[in-house]
> 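Take this structure, written in C-alpha cells, and hold onto it; I'll ask about it next.
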Amino acid sequence: MTSFLQIADDEKGHELDLFCVPRHYENDLDRVIIPHGLIMDRTERLARDIIRDMGGHHIVALCVLKGGYKFFADLLDYIKALNQNSDKSVPLTVDFIRVKSYCNDKSTNNVKVIGGDELSSLAGKNVLIVEDIVETGRTMQTLLSLLNECNPKMVKVASLLVKRTPRSSGYRPDYIGFEVPDAFLVGYALDYNEYFRDLSHICILNEQAREKYRV
C-alpha cells in the first residue's frame, strides 16, 4: 500500500511571517501549509523507495513540466546520492514532457501532451513519471494510456501531492509525498497562471490573488 504524509482538512498551517516569503507575494497567500524543509525530507524518503522498487534496471525519469521541475530535480539529486553512496546503483536518463489540463484554477477534461523524445524509445524500459500534483487523476490516466502503447517494461508514477477531492477518478500514484486538502496550492514550482513558481514553500492561495492573477 502506498504510504504518504497526510495534511488534514482542518490543518491550520503556519503564519507567513515565520518563513522567508517573497515580499511581492505576501498579500496573496493565506498560510504556509508545507514548509520547504519538510518537502525535502519527504522527497529523500521517496528516492529511497524508488531505488528499492526500480533499481534493478535502467530508469528513464520523465518529468511532467512545468510544475514538476523542482520536485523532479530534487528527487533526482537524492537518487544520484543513493547511486554514489551505496553498493546498488542504476543507470538513470531523463526526458521532459508537458501536459496541459488547467485554465485559471480549474482542471479541465481537455488534456494536451506536448514534447518529449519519441515515446517508442521507452519500449522495454523502466519509466518513472514525476508529477507535481494529482487532482482528478484523469490527466495522468491519459498519459499512462499513451505510454503503455509503447510497451515499457515498467511504469511508476511519483507525485509530490495528491489532492483529496470529490472530482477524483480514484487514480492513485505509486509514490506520494503528501495527501492534501481540496484547496488551491502554490509554491515549490506549483503555479497559478505562471506565478508563484519562485516560492520555496507550498502555500494556500487566497481569494483576492485568484482574481488578481486571473487571465
Side-chain angles (χ1 to χ4, degrees), residues 1-9 11 33-34 39 42-43 45-47 49-50 53-54 59-72 74-76 95-116 119 122 125-194 196-197 202-205 210:
M1 183 175 178
T2 303
S3 61
F4 52 84
L5 200 161
Q6 185 179 74
I7 308 297
D9 288 338
E11 170 62 47
I33 192 168
I34 310 177
I39 296 170
R42 184 72 188 118
T43 302
R45 178 51 197 256
L46 290 177
D49 292 344
I50 289 164
D53 297 343
M54 301 184 69
I59 297 174
V60 179
L62 186 62
C63 176
V64 180
L65 296 171
K66 295 180 182 176
Y69 82 86
K70 276 291 293 175
F71 178 46
F72 182 79
D74 290 333
L75 181 65
L76 262 60
D95 200 358
F96 300 88
I97 196 166
R98 288 192 67 185
V99 180
K100 183 74 172 175
S101 65
Y102 267 82
C103 179
N104 289 317
D105 55 345
K106 301 298 183 185
S107 180
T108 70
N109 291 324
N110 183 20
V111 177
K112 298 178 182 177
V113 178
I114 307 166
L119 295 181
L122 299 176
K125 303 282 181 59
N126 282 356
V127 180
L128 175 67
I129 301 172
V130 182
E131 172 69 291
D132 56 350
I133 185 167
V134 170
E135 185 174 349
T136 67
R138 295 185 184 91
T139 300
M140 186 55 63
Q141 287 174 314
T142 298
L143 179 55
L144 286 171
S145 67
L146 289 173
L147 289 178
N148 284 330
E149 292 175 3
C150 303
N151 298 313
K153 180 179 180 182
M154 175 194 298
V155 178
K156 298 280 190 181
V157 178
S159 182
L160 178 64
L161 307 177
V162 170
K163 188 176 286 189
R164 288 188 302 277
T165 171
R167 300 182 300 280
S168 173
S169 66
Y171 169 77
R172 303 284 284 185
D174 303 283
Y175 306 99
I176 300 171
F178 304 86
E179 187 185 79
V180 295
D182 192 10
F184 201 85
L185 306 177
V186 293
Y188 191 68
L190 281 78
D191 76 302
Y192 177 59
N193 290 330
E194 301 301 328
F196 303 99
R197 296 193 194 276
I202 295 178
C203 303
I204 298 177
L205 192 68
R210 288 165 71 171

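Because the structure is a prediction, the values reported are computed rather than measured. The analysis underlying the following values was restricted to heavy atoms, covering all of them including side chains, and did not include hydrogens, waters or symmetry mates.
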> Do you know which of Ile34, Val162, Asp9 makes side chain to side chain contact (heavy atoms under 4.5 Å, CB included) with Val180?
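Among Ile34, Val162, Asp9, the one meeting side chain to side chain contact (heavy atoms under 4.5 Å, CB included) with Val180 is Ile34.
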> Looking at CD1 of Ile33 and CD1 of Ile204, how far apart are the two atoms once the value is rounded to the nearest 0.5 Å?
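The CD1 atom of Ile33 sits 4.0 Å away from the CD1 atom of Ile204.
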> If the condition is salt bridge (charged side-chain N to carboxylate O under 4.0 Å, His left out), which residues does Arg45 pass it with, not counting sequence neighbours?
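Scan of Arg45 (salt bridge (charged side-chain N to carboxylate O under 4.0 Å, His left out), adjacent residues dropped) gives Asp49.
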> Listed by chain and number, what are the salt bridge (charged side-chain N to carboxylate O under 4.0 Å, His left out) partners of Asp191, not counting sequence neighbours?
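Scan of Asp191 (salt bridge (charged side-chain N to carboxylate O under 4.0 Å, His left out), adjacent residues dropped) gives Arg197.
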> Taking atom CG of Leu5 and atom CD1 of Ile176, what is their separation to the nearest 0.5 Å?
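One gets 11.5 Å once the value is rounded to the nearest 0.5 Å.
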> Go through the structure and list residues passing side chain to side chain donor-acceptor pair (under 3.5 Å) with Asp74, not counting sequence neighbours.
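So Asp74 forms a side chain to side chain donor-acceptor pair (under 3.5 Å) with Tyr188.
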> Measure the CG-CD1 distance between Leu128 and Ile59 for me, rounded to the nearest 0.5 Å.
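Between atom CG of Leu128 and atom CD1 of Ile59 there are 6.5 Å.
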> For the backbone of Thr165 and the side chain of Ser168, can you confirm whether one donor and one acceptor N or O come within less than 3.5 Å of each other?
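Judged by distance alone, no pair lies under 3.5 Å.
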> Rounded to the nearest 0.5 Å, what separation is found between the OG1 atom of Thr139 and the OH atom of Tyr171?
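If we round to the nearest 0.5 Å, Thr139:OG1 and Tyr171:OH are 11.0 Å apart.
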> Without swapping roles, check the side chain of Lys163 against the backbone of Ala183 for a donor-acceptor pair under 3.5 Å.
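Yes.
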> Is there a side chain to side chain contact (heavy atoms under 4.5 Å, CB included) between Ile50 and Leu75? Walk through the geometry before answering.
CA-CA 10 Å; Ile50 289 164; Leu75 181 65; 3.9 Å; yes
> For Tyr175 versus Leu46, what's the shortest heavy-atom pair and its separation?
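Scanning both residues completely, I find the closest heavy atoms to be CB-CD2, 4.1 Å.
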> Going by atom type alone, with no hydrogens or angles, which donor-acceptor pairs under 3.5 Å involve a side-chain atom of residues 146-160 and a protein atom two or more places apart or on another chain?
residue	atom	partner	partner atom	Å
Asn148	ND2	Leu144	O	3.1
Ser159	OG	Leu161	O	2.7

> Tell me every residue that passes side chain to side chain donor-acceptor pair (under 3.5 Å) with Ser169, counting only those two or more places apart in sequence or in another chain.
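Partners of Ser169 under the side chain to side chain donor-acceptor pair (under 3.5 Å) test: Gln141.
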> State which residues pass side chain to side chain donor-acceptor pair (under 3.5 Å) with Arg42; sequence neighbours excluded, sorted by chain then number.
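Arg42 satisfies side chain to side chain donor-acceptor pair (under 3.5 Å) with no other residue.
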> Rounded to the nearest 0.5 Å, what's the gap from OG1 on Thr43 to CZ on Phe178? Could you check?
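It is 6.5 Å, given to the nearest 0.5 Å.
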> How close do Arg210 and Leu205 get, heavy atom to heavy atom, and via which atoms?
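Closest approach of Arg210 to Leu205, heavy atoms only: CG-CD2, 3.4 Å.
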> Return the set of residues passing side chain to side chain donor-acceptor pair (under 3.5 Å) with Glu11 (not counting sequence neighbours), or none when no residue passes.
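Glu11 satisfies side chain to side chain donor-acceptor pair (under 3.5 Å) with no residue once adjacent residues are dropped.
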> From Tyr69 OH over to Asp132 CG, what is the distance, rounded to the nearest 0.5 angstrom?
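That separation rounds to 11.0 Å.
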> Within a strict 4.5 Å, meaning less than it, do heavy atoms of the Val64 and Ile97 side chains meet?
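Side-chain contact under 4.5 Å: yes.
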> Can you tell me which residue pairs pass the salt bridge (Lys or Arg N to Asp or Glu O under 4.0 Å) test with a partner in residues 168-177, sequence neighbours excluded?
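Output for this query lists Arg172-Glu179.
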> Can you name the residues that form a ring pair (Phe, Tyr, Trp, His ring centres under 6.0 Å) with Phe71, not counting sequence neighbours?
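So Phe71 forms no ring pair (Phe, Tyr, Trp, His ring centres under 6.0 Å) with any residue.
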> Is there a side chain to side chain contact (heavy atoms under 4.5 Å, CB included) between Ile202 and Ile39? Walk through the geometry before answering.
CA-CA 9 Å; Ile202 295 178; Ile39 296 170; 3.7 Å; yes
> Taking all non-hydrogen atoms of both residues into account, name the closest pair between Ile129 and Met140 and its distance.
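Ile129 and Met140 have their closest heavy atoms at CG2-CE, 3.9 Å.
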